[in-house]
Number of protein chains: 2
Amino acid sequence: MKDVAAMAGVSLSTVSRVVNGQPVDAALAAKVHRAVELLGYRHNYAAGALRRSGGSASIGLVCEDISDPFFAAFHRGVEQIARERSVATLAASTDGSPDRERDVLERMLGRRVEGLLLIPTGKDHSYLRRDVANGTGLVFVNRPPKTIDTDCVVTDHRGGARAAIEHLRAHGHRRIAYVGPGPEAGFAAAERLAGYREAMAGLDEDIVSRGDLQPLLAGEEPPTAVFSSQNLVTIEVMRTLFRLGLDRVVAHVGVDDIPLRGAIEPPVTIVAHEALMLGRAAAELLFSRVDGFDGRAREVVSAPTLIPRGTGELLPVS
Amino acid sequence: MKDVAAMAGVSLSTVSRVVNGQPVDAALAAKVHRAVELLGYRHNYAAGALRRSGGSASIGLVCEDISDPFFAAFHRGVEQIARERSVATLAASTDGSPDRERDVLERMLGRRVEGLLLIPTGKDHSYLRRDVANGTGLVFVNRPPKTIDTDCVVTDHRGGARAAIEHLRAHGHRRIAYVGPGPEAGFAAAERLAGYREAMAGLDEDIVSRGDLQPLLAGEEPPTAVFSSQNLVTIEVMRTLFRLGLDRVVAHVGVDDIPLRGAIEPPVTIVAHEALMLGRAAAELLFSRVDGFDGRAREVVSAPTLIPRGTGELLPVS
DNA sequence: CTGTTAGCGCGTTCAC
DNA sequence: GTGAACGCGCTAACAG
């Protein structure tokens, strides 16, 4: 910048004004621009922010694994909001390690991110209290905070599963199978299984398979409807039903939790979990704090949408 | 930091030394730590880097859409390498707009990223020359640079398709169908179709469908083998073959270009494109430049792996 | 080992 | 409209 000023024969302030688009004599501005070109000068945002006491205009996203398609869609939703404010997004994985999570978060705080969006790995996040008190935004995602009082957005996995089962019950089904991972697979899986059990109240709620539907269908008193609790499981169930010629006989509602670009399963009734919308909601919450909102911790529940497309509306065949 | 120094009754340099882990008298260090706790002090990395003339320790990733699962896996690979160097990753989408691409890139350059990983949207990137000349790393991904001379990593889509077809030809197939999007769907699709045509030399290379396999199978002289050029198309083809009872009759090789967590298609022979490995390779290339390597532009070709799992090894049935 | 001083690159006062 | 000075938070160089 000094060099630019020297070459253009103006002072530093004039260069600064040109760079920041403030009113400057056209002739001088042209000289400055020429010097910028020749010298390959590039404005240093961080240095400016330092002097200006402006923020870093960046936020951090932390989850277990950034290659997770669900997180990728979430990230995109966040970006849509952040972009409007020219805020950059940093992302990092915890690999499921609470120590690594803390390390990653503190590194981001050292970079003076204005806020943090966290899909938590560890259980104790009390070490973030200081930074929150100092004005850094913090929003928990998909898992309510336990050891710190902060904003939170959650996908209603349980409610989604319940809606699926209630939809099937409303169409007369009584023997409804759950196909998908058990509670050991994580929070979402556990919640969906719980939602299934809640909605099955009064019925046989134990028609549960961890992955393979065929044994259930081959048993006595086979289910007349199936709820599949994950995208990939949904595809497996579709294949099994096709193979057995039951795709127009056994009702089926799936969960669409990973964005597969819409190319898949046109006719299957699904419960759609919109990761992108979740990201937008989380970002809105975060920026309201960055903007100074100081009320109590809020919880936003992102409700999934049941989209009837045929397979979930089949009536029971005994 | 000034406040911490005052509270601990030491100078700024002592606080700096404590924060940076340089040798300091234990008693003083304890005082400093106490003051840090009480005041909720957090080190400012950017300010330190400014004085130290150190880099920002960050790199930028730019692609059309960060919610793309392929990009997410790529991002993860990059992170694995970047993390070893405590380098943070910024990511942003171009939405397919060259103007937005330039905007996003220049914003990142304003943040003084040490390097850029670009899955290009626009055609002209000559505007990046200045920054490359000034030492910023730049690696193109999946699409060779045209208007700038820089490093590049590419997935060998064409070679992958060719390998699939050659695998089928080696098993005696002569009528092999291509199912997948046409060249208008983008670079990868066009390359895969080209690879198919190359490897089909001397045979009927026009058994091409943009998505639906059924009409081809219903025609006269139906194909004895199918190559599906995308993950989701592969799933569709599997379903169609199952439904028609041809899953053990018609040979099938698919492309596994999106990481579906391994839960899908266990028995289908695939050509695996490892986005994670591509990300690692790209990051290695980038950091070698950041470290001062100054040789000519390099091109790294990431070859996909054909994984035989049964469906690709079926022999032709006329 | 510790304190003092200067200045990284920039934006913001002020006078002019 | 323009330029000179000052300082953002921090670290490097030096002297003690």
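Just so we're clear, the structure is a prediction, and the values are computed from it rather than from any experiment. A, B, ... follow the sequence lines: proteins, then strands. Residue 1 opens every chain.
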Check whether any side-chain N or O of B:T14 sits under 4.0 Å from OP1 or OP2 of C:dG3, and answer yes or no.
-> yes

Between D:dC10 and B:S16, is there an OP1 or OP2 to side-chain N/O distance shorter than 4.0 Å?
-> no

Taking A:E101 for the side chain and A:T121 for the main chain, is one N or O donor matched with an acceptor at less than 3.5 Å?
-> yes

Gap between atoms CZ and C1', on A:R52 and D:dG9 respectively (whole Å) = 15 Å

CG of A:N44 versus C1' of D:dG9: gap in Å, rounded?
-> 14 Å

Under a 4.5 Å cut-off applied to non-hydrogen side-chain atoms, are B:Q80 and B:R280 in contact?
-> yes

B:V15 and side chain to side chain contact (heavy atoms under 4.5 Å, CB included): which partner among B:M7, B:K2, B:M1?
-> B:M1

Which listed nucleotide (C:dT2, D:dT11, C:dT12) is nearest to the side chain of B:N20?
-> D:dT11

Worked verdict on B:S58 versus A:R111 for side-chain hydrogen bond (donor to acceptor under 3.5 Å, both in side chains) | CA-CA 10 Å; B:S58 64; A:R111 286 170 188 276; 4.7 Å; no

Per B:K2 side chain, nearest of listed nucleotides D:dT11, D:dT2, D:dC8 | D:dC8

Do any N or O atoms from the side chain of A:D151 and from the backbone of A:L286 form a donor-acceptor pair under 3.5 angstrom?
-> no

Parallel under 30°, tilted from 30 to 60°, perpendicular over 60°: which one fits the rings of B:H125 and B:F140?
-> perpendicular

Shorter than 3.5 Å, N or O on both sides, protein versus nucleotides 4-7 of chain D: list them out with atom names.
residue, atom, partner, partner atom, Å
D:dA4, N6, A:S13, OG, 3.1
D:dG7, N2, A:R51, NE, 2.8
D:dG7, N3, A:R51, NE, 3.4

For the pair made of CD in A:Q22 and P in D:dG3, what is the distance, rounded to whole Å?
-> 14 Å

What does A:V19 touch in the nucleic acid at a heavy-atom separation under 4.0 angstrom: a base, only the sugar-phosphate, or nothing?
-> nothing

Figure out the CG/P separation between A:L50 and C:dG7, and round it to whole Å.
-> 17 Å

Once you round it to whole Å, what is the distance between C1' of D:dG1 and NZ of A:K31?
-> 15 Å

If you find the nucleotide of DNA chain C closest to B:D25 and the one closest to B:A47, which residue's nucleotide is nearer the 5' end?
-> B:D25

Would you classify B:M1 as touching base, sugar-phosphate or nothing, given that sugar-phosphate means primed atoms plus P, OP1 and OP2, and contacts are heavy atoms under 4.0 Å?
-> base

Figure out the CZ/C1' separation between A:R111 and D:dC10, and round it to whole Å.
-> 16 Å

Classify the angle between the aromatic ring planes of A:H43 and A:Y41 as parallel (below 30°), tilted (30 to 60°) or perpendicular (above 60°).
-> perpendicular

Quick one: B:Y45 OH to D:dC8 C1', roughly how many Å, whole number?
-> 18 Å

